Amino acid sequence: MKFSSSYEPGDFESDIYAAWEAAGVFKPTISIFPTDNNSDGHDDREDSSPCYSIVMPPPNANGNLHIGHGLTIALEDSLTRYYRLRGKSTWYIPGADHAGFETWVVYERNLEAKGHTRFEFDRNELYARVWDFVAEQRGNMELQLRALGASCSWDDLTFTLDENVIDRVYTTFEKMWNDGMIYRGEKLVNYCPKHQTAFADIEVEHQDEKGTLWEIEYKLTKDASFVTPETVSREPYEASEESEPHDGGRERTGLKELQNSVSIVVSTTRPETLFGDVAVAVNAEDERYKGLIGKTVHLPLTDRDIPIIADEHADPEYGTGAVKITPAHDFDDFEVGERHNLPRIQVISEDGHMINVPEKYLGLTTMECRKQVLKDLKEQGLLKGEKSINHSVAHCYKCGTVIEPMLKEQWFVDVEKLAKTAIEHLENNEIKFHPENKQKVLINYLKNLKDWNISRQIPWGIAIPMFKKVTEEATDEPDWIFDRRTNLKEIEKGGVKYVRDEDTFDTWFSSGHWPIVCTNWTEENYNPYYPLNVMETGADLLFAWVARMIMMGLYVTGEVPFREVYLHGMVLDAHGKKMSKSKGNVINPMDLVTKYGSDAFRLGIIRGRSAGMNQAFSENSVISGRNLCNKLWNISRLIQSIVDEDEGEGGGPEADAMCSTDHEDLARGGLGAGSEGHAASASSPEKDIPVAYTTNNMGEDWICREINDCLKQVEQSMKNYRFSEAIETLYQTIWDKYADWFLESQKIYRNVPLLKTTLEALLIVIHPFAPFVTEAIWQNLSWTEGFIITQKWPQELKFDPISAQNFESLIGIVSEVRGTLQALPGTNNAKKYALMYDNDSLVEDNSLLIRTLAKVSTINPLNGAPRGLRVALANHELYLDAPEKVVAEYRDSLTEKILAVGRELDSLNARMLNPNYVDKAPAHLVKETRDAIKEKEGLIARLKNQLELI
RNA sequence: GGGGAUUUAGCUCAGUUGGCUAGAGCGUACGAUUCACAUUCGUAAGGUCACAGGUUCAAGCCCUGUAAUCCCCACCA
């Protein structure tokens, strides 16, 4: 196979993915139910388990992937590929989400566009219709996952409405029902009048808005006796003469006589809910109102009287200190109502119109009613004030409609035990969090968790398996029974008829089972893939999802569902702003994949990102990723060309073991170990596999050392989920070390076996992050076999450490020479001035290498007295053969340099002059400081000497 | 009100038990270049580590406080 001369990811990425998929390399190698009894690994899975499992947070089945998905996949797939290379049986389980509400909104919009409404169809019909709708749309998302390189086990894809998911959800629900954790309650729920469904607290978006706080006067009744809650009827407004509108000034002579001199003024932002008022609350400590507690006031625009009660909810500092209590339409008032056993009067219907109000207001929308109420109050002189305030208002996160707190019968989960158990396991550190602080945040959240409303009035979801009794005579039977037959509208049991609840589950109730259902966990069998090794998802889902998976996992399996949690932050635009359609700054990951390749995208989005942080992202980082891929491509082409040349010349690959260079005598530094010094001729310690190369010069020893360090650092980084750090290490090793120093040196000294070994190692190590280009190269290289995706993680390389360290000195020399040449006046100095050395074996032995790397034209021994410009090195005698005039022009730079070194020396000396430092600091640091001082002193002396010569 | 974070080079970010002269990428400036790569190579400039105290031989890192920015939860009658 021939390498194309340029890196074109678009030419091979999809073919490579198809080849992997066809070869079945994404599947775990160990099945769930082992045939041998070799898996005894219930404990200590982290290190000893042969299995590694991770699940994909399911993207919307009929949507497209956005940038956050891109990040998720890049992270999860990198982990998956890394542990696969480390030899684990790796199971990355893909998923697709029915996305209950999202999909429903899209579908309902379609329906409306065609002139229909949901209310024309029954639930089963709607479910079937949406199913078809999703089936038509489905597939894009999965293609995009493939384009991103997700090495997930496609046969195991779990859809959130799969039968096994529904089954498991029903089993859990039944267990909870039997355990008494499920109850039906009339509570205030967050209700969107447009979508006509309730939401969990967490699905509501609060926005700060300007609003008006109105002050309304409620007059005390003459007969100020306490009115017990029972005297207020639930349906107080039967159309009657009395509730007809009055003229503003007309004396009310009906039921009540008003004590006009005394009144109480309440503050409200929602005057229209006045009709649902059942009390006025004041603070017991509030001197202004103390005497009024227990008296009654007349509720304006009505013929009702309501009590004045004392409750801590009333804040004397806020408004007038008196607050009207409307338990059916306000969360706080609901609680006040419960404390005082007050009735709940619902005055707003589910579609946002007034009910249970005087006829004049009946059927108005809330806004219309508000206007009318204000107008009427004003006419009666009861509107006492109007202030504009800032307050936060709850909105539907999908359509922006103001959320109406609504009194509804719903299913609730009593979360007390669930939360308590979860907290215990979290405090027991059974789950490791990245970033760490999220553990505390989650515990804090669970400690304050309220009961969980799991009913949703959306047809597209898992039906709640509860049926309500309709046969009135069967009084002994329970009102509600559990039954799995949710495909039926009506069932009969023991002669009693029941109808199914129309509601569906909150999506998080089923999603909470994700690790359980994806891994096919069962009560009967040990499953080596549960708990998951890690749960990776967005930090914004900590409460909504992660918390619920933990509670459900513990409830169902008794074990935490995963050992570690990695939370990524939000991907922001290049300026650190949230991406949004309205701002027009949305970046589509697929566009970047098309433009720069999948690997470039993956490298770009992971780089510079740390756990839990919302961080900026720009195309530049993807370009930089593409450049690295290009570098890899060209490194490989170079090595392949050397291999080809070598095999063409010599007697085949076996001859490689003999060094092909003519410069063997020069290759090792004078300080190299042993006469032959072939450090790497030993065999591998673990298995008796002979290593395939010998090192023949210091650059080769050095690169082996650097690659070993790189391996260790990447392993460490991956263990700690420091992806960005791993990539940084790889960039440096591949680019700055391997390409810029080692390969440059190999243009002189060619060690074909070592080139092969090191290239393989680097390709494997970076494969998790750049899977396509590394596989493409692997397939192009003439000597490699199989797929890179299933290779083994590289072994440590053998090398001679002293020789490796000498190469470090050589790098220092070359860098200093380059810098000096640049700083000299004029251009092309490397060609003009010869480099001379005096009595320096390292330079002498490696003069060819130094000449090549520093790009100087000639390098000679200095014959005679020093001349030209002395290169600023403490331990090497090097001169650039520049004429005096040029050296004189360099004078300023030299002075600058002397001053700089002088400053460093001063600070070092100051440190040594501090007796406490010498006494208390670790000995090796003190020694280092001493050595550094010696070196600086030497250097400064030489530079001063040089300056004098000029 | 409760909780969590952030503040380091022009920009985006590293800097994990405190330890040599605080790093990277991008950007900038200057220079190079016939064959692995201009998606390149080399060199350089650029920092009061938000501020004020404290602990320590030693602080970007630990402690206290202040300021600014951001996120989450609750509340806002």
Side-chain angles (χ1 to χ4, degrees), chain A residues 3 5-7 201-202 206 208 211 213-214 266-270 273 281 313-315 318-326 330-333 336 389-393 435 437-438 440-441 444-445 448 539-540 542-543 569-570 574-576 596 600 607-610 612-618 620-621 623-624 626-642 720 722 724-725 728 731-732 739-740 743-744 747 815 818-823 827-831 854-855 900-901 903-904 907-908 911 914-922 924-926 928-929 931-932:
Chain A
F3 266 116
S5 60
S6 65
Y7 167 63
D201 294 344
I202 211 149
H206 290 267
D208 280 338
L213 189 64
W214 286 280
V266 300
S267 326
T268 181
T269 53
R270 303 201 55 194
T273 62
H313 169 59
D315 175 3
Y318 194 92
T320 60
V323 53
K324 64 197 227 20
I325 300 300
T326 322
D330 183 281
F331 288 98
D332 287 323
D333 293 3
V336 175
I389 54 156
N390 279 319
H391 63 158
S392 91
V393 179
N437 70 300
K438 296 292 180 190
K440 264 197 271 170
V441 175
N444 189 48
Y445 169 78
N448 298 309
D540 53 332
L542 179 64
F543 299 154
M570 231 186 308
H575 307 288
Y596 301 107
R607 197 170 188 202
R609 201 163 288 277
S610 40
M613 298 262 293
N614 299 342
Q615 282 164 312
F617 171 71
S618 73
N620 278 342
S621 63
I623 290 173
S624 148
R626 188 270 317 266
N627 293 354
L628 180 69
C629 294
N630 180 66
K631 196 75 190 173
L632 276 171
W633 189 260
N634 283 295
I635 284 171
S636 306
R637 283 176 60 219
L638 172 65
I639 292 175
Q640 183 64 61
S641 75
I642 293 172
N720 296 316
R722 301 177 74 92
S724 182
E725 220 165 69
E728 217 57 55
Y731 260 80
Q732 267 180 39
D740 289 347
L743 282 186
E744 287 305 316
K747 286 178 178 171
S815 299
R818 282 173 179 169
T820 310
L821 285 167
Q822 288 276 343
T827 62
N828 274 316
N829 291 329
K831 281 188 178 161
K855 296 217 160 79
V901 178
R903 282 192 294 269
E904 289 166 21
S907 86
L908 290 172
R911 194 174 302 160
N914 180 347
N916 285 324
Y917 175 71
V918 184
D919 288 351
K920 294 187 183 173
H924 72 274
L925 285 176
V926 178
E928 274 175 30
T929 309
D931 292 349

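Model, not experiment: these values are computed from the prediction. Chain A is the first sequence line, chain B the second, and so forth, proteins listed ahead of strands; every chain is numbered from 1.
- Looking at heavy-atom distances under 4.0 Å, Asp740(A) makes contact with sugar-phosphate atoms alone, never a base.
- When heavy atoms are screened at a 4.0 angstrom cut-off, Pro435(A) is found touching no nucleic acid atom at all.
- Toward the 5′ end of RNA chain B lies the nearest nucleotide of Lys440(A), the other residue of the pair Val323(A) and Lys440(A) mapping further downstream.
- Taking Glu928(A) as the reference, nothing meets the salt bridge (Lys or Arg N to Asp or Glu O under 4.0 Å) condition, with sequence neighbours excluded.
- Side-chain contact between Ser610(A) and Gln615(A): present, with at least one pair of heavy atoms (C-beta onward) separated by less than 4.5 Å.
- The side chain of Leu925(A) sits closest to G19(B) out of G15(B), G19(B), U39(B).
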Query raised in the report: Given pairs defined as Watson-Crick or G-U wobble with both distances under 3.5 Å, what dot-bracket annotation applies to RNA chain B, with ( ) intrastrand, [ ] crossing, | other strand and . unpaired?
Result: (((((((..((((.....[...)))).((((((....).))))).....(((((..]....))))))))))))....

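- Minimum atom distance to the side chain of Phe543(A) is reached by C73(B), of the listed U39(B), C41(B), C73(B).
- Taking 4.0 angstrom as the limit, Lys631(A) places a side-chain polar atom (N or O) nearer than this to OP1 or OP2 of C41(B).
- Of the C1' atoms belonging to A45(B) and G1(B), the separation is 50 Å, rounded to the nearest Å.
- For Arg637(A), counting side-chain heavy atoms from C-beta on, the closest listed nucleotide (C57(B), C37(B), A14(B)) is C37(B).
- When distances run from any side-chain atom of Arg722(A) to the nucleotides A14(B), A5(B), C57(B), the shortest one goes to A14(B).
- Side chains of Asn634(A) and Tyr7(A) form no contact here, defined as non-hydrogen atoms less than 4.5 Å apart.
- Listed candidates were A32(B), A36(B), U21(B). Nearest to the side chain of Asn634(A) is A36(B).
- Among the nucleotides C57(B), U12(B), U43(B), the one closest to any side-chain atom of Asn914(A) is C57(B).
- Using a 4.0 Å cut-off, no side-chain N or O of Ser5(A) falls inside it from OP1 or OP2 of A36(B).
- Closest to the side chain of Met613(A), from the set A36(B), C41(B), U6(B), is U6(B).
- Residues Val323(A) and Val266(A) are not in side-chain contact: their nearest non-hydrogen atoms beyond the backbone lie 4.5 Å or more apart.
- Ring orientation note: the planes of Phe543(A) and Tyr445(A) are close to parallel, at an angle under 30° on the 30°/60° scale.
- What you find for Ala854(A) and Ala830(A) is that their closest heavy atoms are O-CB, 4.4 Å.
- Distance noted for atom C1' between U16(B) and A22(B): 16 Å (whole Å).
- A donor-acceptor contact under 3.5 Å is formed by the side chain of Lys747(A) with the base of A36(B).
- To the nearest 0.5 angstrom, Met570(A) atom CE is 15.5 Å from Phe617(A) atom CZ.
- Counting any heavy atom pair closer than 4.0 Å across all strands shown, Glu928(A) reaches a base atom.
- Side-chain proximity of Arg911(A) to the nucleotides C20(B), U43(B), A36(B) is greatest for C20(B).
- Between Cys629(A) and Ala616(A), the residue anchored closer to the 5' end of RNA chain B is Ala616(A), taking for each the nucleotide with the nearest heavy atom.
- Within 4.0 Å (heavy atoms only), Gly319(A) reaches no atom of the nucleic acid at all.
- Scanning atom types as modelled, no donor and acceptor separated by under 3.5 angstrom connect the side chain of Arg818(A) and the base of U43(B).
- In terms of heavy-atom proximity, Ala739(A) sits nearest to Lys631(A) at CB-CE, 3.7 Å.
- For a distance-only test at 3.5 Å, the side chain of Gln822(A) fails to qualify as a donor-acceptor partner of the base of U43(B).
- Minimum atom distance to the side chain of Asn437(A) is reached by G4(B), of the listed C37(B), G4(B), U16(B).
- Of the listed nucleotides (U39(B), C13(B), G15(B)), G15(B) has the atom at the smallest distance from the side chain of Glu725(A).
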